[in-house]
Amino acid sequence: MGKGAKIIIKAGNDYGKRLADVEGHLTAFINNNVDNRQYLPDNFLNWLLHILYKKFGPLDIWSREKNTRIEFGNFKSKLGEAIFTLNFKNKKPRFFVAGKSSVKRKLTNLPVNEKTKAVELSKSYHKKVILSVLHNDFYKSRCPTFSSESLTEFLSFAQGYDFILGKPNKKRFSKTRDNRAQAEFRKQAFRIYGNTCLITGEAPDVALEAAHIVPHKNTTIEESFLPWNCLLLRRDIHKLFDEGYLIVSKNLTVKLNKRALMDMDNYSHLDGMKLDFSSIDFENESFSINEFVRKIKANLNERMILMFN
């Protein structure tokens with residue numbers, strides 16, 4: 001297989017309107033990273049994405065096993081919860097119901113020998129495979145959930161990336177290099193955000209900390225302490241953010257990166273929420289809300305690339 005990027009497409013509420021973009025990103029990824037792509041029939045990918053969307057709604061798409069597999073389902077852990085797999089491991093690609101045998105039995109009513117049958121890609125045959133999953137509701141547990149404001153995200157990272165919901169590379173992070181600058185950074189954070197954690201809401205000042213988006217190691221001192229490299233967070237949220245257990249995407253969406261957090265009432269509701277900067281009074285700042293949010297998003301994107309690469 002190729003040595004290019006890994007890909008994750010996180011489905012959002014606009015997924016149906018962006019199917020052409022989804023196809024474009026996935027096609028480009030396959031062309032650059034899959035050796036036996038020439039065996040993918042013309043228009044098969046277009047047909048596949050449209051029928052999956054028609055039958056199942058928006059699905060996350062991600063690569064795994066050195067790009068030998070493209071998975072379709074709910075990307076919420078290192079391996080995700082897939083419904084279908086497009087497998088490039090053999091000379092000719094295969095498409096089949098995902099999961100181990102116990103999962104396949106729940107997902108499909110196909111006979112055992114049909115579940116991963118090694119047949120050439122065929123719209124007529126694989127339509128039968130796709131429709132077989134609709135016989136019960138188990139597949140719904142493997143469909144992504146998101147808020148009405150969530151937007152589809154296209155993420156690709158250099159080879160060696162351990163997936164966005166994986167183990168962060170903590171070597172990218174270092175302690176504060178300038179205590180005086182850090183104190184000013186904290187004052188600046190309170191001036192901009194008030195006594196409000198961007199994720200959990202209002203809190204006493206002793207419970208709030210100024211968090212750097214892009215780590216010190218990867219910026220100059222001046223860049224590190226700029227307003228758009230700062231999030232004001234509750235202390236426990238800051239710790240989860242630094243550890244990589246809670247991440248914020250470049251679309252300002254919070255994602256939990258620790259399965260245990262999904263089972264905790266105090267944190268599970270945070271997954272999928274969006275950061276909101278509408279309460280900030282920009283009239284007293286030297287920058288506009290558009291400039292501020294644009295630079296925040298750019299730093300969040302850089303953080304993810306650095307932290308998970």
Exercise. Could you check Leu59 against Tyr53 for side-chain contact (heavy atoms from CB on, under 4.5 Å), going step by step and ending with a plain yes or no?
Key: CA-CA 7 Å; Leu59 295 177; Tyr53 175 66; over 6 Å; no
Exercise. Evaluate the side-chain contact (heavy atoms from CB on, under 4.5 Å) criterion for residues Leu48 and Ile130: first the C-alpha distance (whole Å), next the side-chain angles of each, then the deciding distance (0.1 Å), finally the verdict.
Key: CA-CA 9 Å; Leu48 180 63; Ile130 290 168; 3.9 Å; yes
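Considering all non-hydrogen atoms of both residues, Thr152 and Gly12 come closest at OG1-N, 3.1 Å. Nearest heavy-atom pair, Leu107 versus Tyr139, reported as atom, atom and distance to 0.1 Å: CD2-CA, 3.8 Å. Between Val103 and Ala98, the shortest heavy-atom distance links the atoms CG1-O, 4.1 Å. Residues Gly272 and Ser150 come closest through the heavy atom pair O-OG, 4.1 Å. Across every non-hydrogen atom of Ile192 and Phe287, the tightest pair is CD1-CZ, 4.3 Å. Closest approach of Pro58 and Phe146 over heavy atoms only: CG-CZ, 3.8 Å.
Between the Asp60 side chain and the Ala11 main chain, a donor and an acceptor come within less than 3.5 Å of each other. The main-chain N or O of Val214 is found under 3.5 Å from a side-chain atom of Asn229 such that the two form a donor-acceptor pair. Of the possible donor and acceptor atoms, one in the side chain of Arg186 sits under 3.5 Å from a partner among the backbone N and O of Leu208. A donor-acceptor distance shorter than 3.5 angstrom exists from the side chain of Asn136 to the backbone of Lys106, with no hydrogens or angles considered. Using modelled atom types, no side-chain atom of Asn251 and backbone atom of Thr253 make a donor-acceptor pair closer than 3.5 Å. Judged by distance alone, with hydrogens and angles left aside, the side-chain atoms of Arg142 form no donor-acceptor pair with the main-chain N or O of Asn74 at under 3.5 Å.
Atom CG of Leu45 is separated from atom CG of Leu86 by 7.0 Å, given to the nearest 0.5 angstrom. In this structure, CZ in Arg69 is found 12.5 Å from OG in Ser63, a value given to the nearest 0.5 Å. The CD1 atom of Ile213 lies 11.5 Å from the CG atom of Asn301; values are rounded to the nearest 0.5 Å. Between the CG atom in Asp14 and the CD atom in Glu153 there is a gap of 10.0 Å [rounded to 0.5 Å]. One distance of note links NZ of Lys55 with CG of Leu134; it measures 7.0 Å at 0.5 Å rounding. Interatomic distance, Ile51 CD1 to Lys123 NZ, rounded to the nearest 0.5 Å: 10.0 Å.
In this structure, the side chains of Phe88 and Ile70 come closer than 4.5 Å at one or more pairs of heavy atoms. When side chains are defined from C-beta on, Phe96 counts as touching Lys104, because their heavy atoms get closer than 4.5 Å. Looking at heavy atoms from C-beta onward, Cys143 lies in side-chain contact with Ile83 at the 4.5 angstrom threshold. Two residues are said to be in side-chain contact when any heavy atoms from C-beta on lie closer than 4.5 Å; Leu300 and Ser249 fail this criterion. Phe225 has its side chain within reach of His212: a pair of non-hydrogen atoms, C-beta onward, lies under 4.5 Å apart. When side chains are defined from C-beta on, Leu261 does not count as touching Leu270, because their heavy atoms never get closer than 4.5 Å. Looking at heavy atoms from C-beta onward, Phe75 lies out of side-chain contact with Ile9 at the 4.5 angstrom threshold. Within the 4.5 Å cutoff, the side chain of Val34 has no heavy atoms near those of the Leu40 side chain.
With sequence neighbours excluded, the residues forming a ring pair (Phe, Tyr, Trp, His ring centres under 6.0 Å) with Phe44 are Trp47, listed by chain and number. Residues passing the side chain to side chain donor-acceptor pair (under 3.5 Å) test with Ser278, sequence neighbours excluded: Asp276. With sequence neighbours excluded, the residues satisfying side-chain contact (heavy atoms from CB on, under 4.5 Å) with Ser122 are Ser124, Tyr125, His126. Partners of Glu285 under the side chain to side chain donor-acceptor pair (under 3.5 Å) rule, at least two apart in sequence or in another chain, are Arg191. For Thr196, the side-chain contact (heavy atoms from CB on, under 4.5 Å) test picks out no residue, with sequence neighbours left out. Take Asp281 and apply the side-chain contact (heavy atoms from CB on, under 4.5 Å) test, not counting sequence neighbours, and it matches Glu283, Asn284. Listed by chain and number, the residues in a side chain to side chain donor-acceptor pair (under 3.5 Å) with Lys187 amount to none (sequence neighbours excluded). Under the rule for a ring pair (Phe, Tyr, Trp, His ring centres under 6.0 Å), the partners of Phe84 that lie at least two apart in sequence or sit in another chain are Phe56, Phe95. Remark: Asp271 engages Lys255, Leu256, Met262 in a side-chain contact (heavy atoms from CB on, under 4.5 Å) (not counting sequence neighbours).
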Please tabulate, for the side chains in residues 288-297, all donor-acceptor contacts under 3.5 angstrom to protein atoms that are two or more places apart in sequence or on a different chain.
residue : atom : partner : partner atom : Å
Ser288  : OG   : Glu291  : N            : 3.1
Glu291  : OE2  : Lys295  : NZ           : 2.9

Throw together a table of side-chain donor-acceptor distances under 3.5 angstrom for residues 16-31, partners on residues two or more places apart or in other chains.
residue : atom : partner : partner atom : Å
Arg18   : NE   : Asp21   : OD2          : 3.0
Arg18   : NH2  : Asp21   : OD2          : 3.2
Glu23   : OE1  : Asn46   : ND2          : 2.9
His25   : ND1  : Asp21   : O            : 2.9
Thr27   : OG1  : Glu23   : O            : 2.7
Asn31   : ND2  : Thr27   : O            : 3.3

Please set out all donor-acceptor pairs under 3.5 angstrom arising from side-chain atoms of residues 230-238, sequence neighbours excluded.
residue : atom : partner : partner atom : Å
Arg234  : NE   : Asp236  : OD1          : 2.7
Arg234  : NH2  : Asp236  : OD1          : 3.4
Arg234  : NH2  : Asp236  : OD2          : 2.8
Arg235  : NE   : Glu209  : OE2          : 3.0
Arg235  : NH2  : Val206  : O            : 2.8
Asp236  : OD2  : Tyr267  : OH           : 2.7
His238  : ND1  : Glu209  : OE1          : 2.7
His238  : NE2  : Asp242  : OD2          : 3.1

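Side-chain atoms of Ser148 and Asn13 form no donor-acceptor pair, as typed in the model, at a separation below 3.5 Å.
In this structure, Trp62 is not a member of the same hydrophobic cluster as Leu151, with clusters built from ILVMFWY side-chain heavy atoms closer than 4.5 Å.
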